[in-house]
Every structure is written in structure tokens, then in C-alpha cells.
Amino acid sequence: MEDFVVSTIAVGVISWTTLFLITRKLVANHSFEFCNRIVSTVHASTAVTLASLSVQDWSCPVCPLASKSTPKQMQTIAVSVSYLIYDLVCCQFDKRSNLDNSIHHLVSIVGLGAGLQYQKCGSEMVATLWLTELSSPFLHLRELLKELGYKDTNLNLAADVMFGVIFSAARMMGGPYLVYVTLSASDNPLLIKAMALALQLVSIFWFYKIARMIKYKLTKRTSPKKSA
């Protein structure tokens with residue numbers, strides 16, 4: 001792995017941790033999770049921006065396929081790996097830590113780390129980051145709104161629906177295509193292919209949970225309220 005990649009990851013972990021500690025001080029009246037979600041929102045916005053800037057050809061965002069990663073692509077991936085390492089550790093200190101989230105983080109770290117180690121599939125991985133992080137700001141917004149007192153409001157419902165729609169379109173339409181081109185490229189390392197498939201399976205699992213959540217929310221809002 002290139003030295004600048006290792007440095008980016010190390011600096012990134014320190015930077016995300018510092019941002020969390022500063023946020024914790026600034027909004028001390030809010031929960032641990034609230035502060036971490038602010039950091040996560042910053043990362044999602046940063047990841048989408050960096051991924052967009054590192055696309056080599058917008059007429060074919062995943063081209064060239066199975067090619068050597070450019071330094072800009074590797075730096076983009078390294079920034080997200082540093083965040084995932086920070087968030088994996090940070091979530092262990094949260095009372096609401098869950099196994100699903102930890103597995104998602106570990107699969108993502110191994111998958112992106114494999115790309116950095118092999119220095120291949122930069123186009124596919126940057127596209128994957130763009131797709132997976134596109135819905136994340138709305139994921140965190142819906143939880144931030146709840147803590148700010150907007151639970152069960154039209155604003156919170158709008159955030160839920162936007163998250164569900166963007167997540168479904170990105171991961172259940174763009175995701176399978178990315179998995180297909182990654183698996184079909186004969187030059188891609190087996191580990192990268194395995195991680196691409198694993199990430200898609202994780203996305204399907206989350207899609208199922210999100211679909212149930214949206215259905216529950218919409219049913220709750222449209223069902224007639226019982227008279228007292």
C-alpha cells in the first residue's frame with residue numbers, strides 16, 4: 001500500500017475523531033449519537049464530493065473498468081476508509097451499538113482496503129462510494145430531526161421518504177450494475193469480487209429493513225386515528 005494512502009488514513013482517523021470531540025463540546029446538551037451523526041453527515045458530503053471530482057469520464061463514470069487506480073481515486077477511497085475505522089470504533093462506545101452496523105463497516109473496510117492494496121478498480125470503487133453515500137445525509141437527518149423534537153412530523157416523514165427513495169435507486173439499481181461489471185471483469189482480484197458481492201448482499205438486507213420502515217411510517221400516517 002502506498003505511503004500517501006497510509007498517511008491519509010492515519011490523518012483521517014485523527015481528523016474525524018477530533019471533529020467528533022469538537023462537536024461533542026459545541027452541542028454538549030445532545031446525545032453521543034447526535035454528535036456522531038453530524039460527523040457522519042460531514043463525511044457523506046465529503047465522500048460524494050471527492051468521488052464526483054475523481055471520476056475520469058462522466059459519459060461513463062465506471063470507466064475504465066478493472067484499471068489501475070489513480071492517486072486521486074485512492075485518496076478518495078482512503079478518506080472513507082479512515083472514516084469507517086473511526087466510526088466502527090466510535091460506535092462501540094455508544095449504548096445503541098449493533099451487530100448489523102459493525103458487520104457493514106467491516107465488510108466496507110475490507111472491500112475498500114483490498115482496492116487500495118491491489119491499486120485496482122478505482123473507477124468502480126469511486127462509483128460505489130458515490131452511490132452508497134448519496135443517501136447517507138438523509139439517513140442521518142431523519143435521526144437528527146427526531147432528537148431536535150421533529151419526530152412524527154411532515155419534515156421527518158419527508159426525510160424518511162427521501163432517504164428510502166435515494167437508497168433504493170442507488171443501491172438496488174446502480175448497485176447490481178456495479179457488482180455485475182466488477183464480477184465480469186476477469187482481471188479483478190477474487191477478494192475485490194467477493195467484497196463487491198458481499199456489499200450488495202448487505203445493501204439488500206438494509207433495503208428490506210428500510211422498505212418495512214417506510215411502509216410502517218406511511219401506514220401510520222394514513223390510518224384513521226382512533227377516537228378517545
Side-chain angles (χ1 to χ4, degrees), residues 9 16 33 36-37 39-41 43-48 50-51 61-62 73 76-92 94 96-118 120-143 159-185 188-216:
I9 294 174
W16 296 122
E33 183 184 12
N36 190 37
R37 286 191 181 278
V39 177
S40 298
T41 303
H43 163 259
S45 303
T46 302
V48 170
L50 291 177
V62 295
Q73 289 172 339
T76 298
I77 297 167
V79 168
S80 284
V81 169
S82 71
Y83 162 76
L84 289 166
I85 294 172
Y86 146 79
D87 197 45
L88 177 62
V89 175
C90 188
C91 286
Q92 306 313 308
D94 189 1
R96 298 183 183 181
S97 174
N98 61 75
L99 182 60
D100 296 347
N101 197 46
S102 297
I103 292 175
H104 171 265
H105 278 51
L106 287 172
V107 171
S108 298
I109 290 169
V110 173
L112 295 175
L116 292 174
Q117 179 63 37
Y118 288 111
K120 292 197 67 174
C121 305
S123 300
E124 296 96 313
M125 290 197 169
V126 164
T128 299
L129 277 177
W130 194 87
L131 287 174
T132 56
E133 294 300 337
L134 196 61
S135 61
S136 293
F138 294 98
L139 165 66
H140 302 302
L141 176 62
R142 52 192 293 273
E143 297 300 331
D160 286 336
V161 172
M162 286 297 295
F163 167 62
V165 169
I166 295 174
F167 183 99
S168 301
R171 301 207 188 192
M172 304 312 296
M173 294 173 66
Y177 171 73
L178 275 176
V179 172
Y180 169 74
V181 297
T182 301
L183 295 181
S184 60
N188 283 338
L190 181 60
L191 179 57
I192 290 180
K193 290 184 177 182
M195 288 301 102
L197 183 59
L199 283 170
Q200 185 58 41
L201 291 176
V202 170
S203 292
I204 293 172
F205 169 74
W206 283 111
F207 172 74
Y208 168 72
K209 296 186 71 172
I210 292 166
R212 290 186 59 187
M213 179 271 293
I214 295 295
K215 181 181 177 182
Y216 169 77

Novice: Can you name the closest pair of heavy atoms from A127 and V62 and give their distance?
Specialist: CB-CG1, 3.6 Å
Novice: In Å, rounded to the nearest 0.5 Å, how long is the span from OG1 of T41 to CZ of R37?
Specialist: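 These two atoms lie 8.5 Å from each other.
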Novice: So, using side-chain hydrogen bond (donor to acceptor under 3.5 Å, both in side chains) as the criterion, who are the partners of N188 when residues are at least two apart?
Specialist: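 N188 satisfies side-chain hydrogen bond (donor to acceptor under 3.5 Å, both in side chains) with no other residue.
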Novice: If I compare all heavy atoms of V107 with all of M195, which pair ends up nearest, and what's the gap?
Specialist: O-SD, 3.9 Å
Novice: Could you pull out all residues at least two apart from S168 that satisfy side-chain contact (heavy atoms from CB on, under 4.5 Å)?
Specialist: F207
Novice: Partners of E133 by side-chain hydrogen bond (donor to acceptor under 3.5 Å, both in side chains), sequence neighbours excluded?
Specialist: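 Here the qualifying residues are S136.
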Novice: Would you please name every residue forming a side-chain hydrogen bond (donor to acceptor under 3.5 Å, both in side chains) with S40, sequence neighbours left out?
Specialist: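 Residues passing side-chain hydrogen bond (donor to acceptor under 3.5 Å, both in side chains) with S40: Y83.
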Novice: Side chains of Y208 and R212, heavy atoms from C-beta outward: is any pair under 4.5 Å?
Specialist: yes
Novice: Could you report the tightest heavy-atom contact between A196 and V179, atom names first, then the distance?
Specialist: O-CG2, 3.6 Å
Novice: Going by side-chain contact (heavy atoms from CB on, under 4.5 Å), name the residues that satisfy it together with I192, two or more places apart in sequence or in a different chain.
Specialist: A114, Y118, C121, M125, T182, P189
Novice: Return the CG to SG distance between N36 and C90, rounded to the nearest 0.5 Å.
Specialist: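 Interatomic distance, N36 CG to C90 SG, rounded to 0.5 Å: 4.0 Å.
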Novice: Shortest non-hydrogen contact from N101 to C91?
Specialist: ND2-SG, 3.7 Å
Novice: What pair of heavy atoms forms the shortest contact from S80 to L129, and how long is it?
Specialist: OG-CD2, 3.5 Å
Novice: Going by the rule side-chain contact (heavy atoms from CB on, under 4.5 Å), which residues pair with F205 if we only count those two or more places apart in sequence or in a different chain?
Specialist: D100, K209
Novice: Can you see which heavy atom on G113 is nearest to which on V81, and at what distance?
Specialist: N-CG2, 4.5 Å
Novice: What's the spacing between I204 CD1 and L199 CG if we round to 0.5 Å?
Specialist: 11.5 Å
Novice: Say you draw a straight line from CD1 of I77 to CG of L50; how long is it, rounded to the nearest 0.5 Å?
Specialist: 11.0 Å
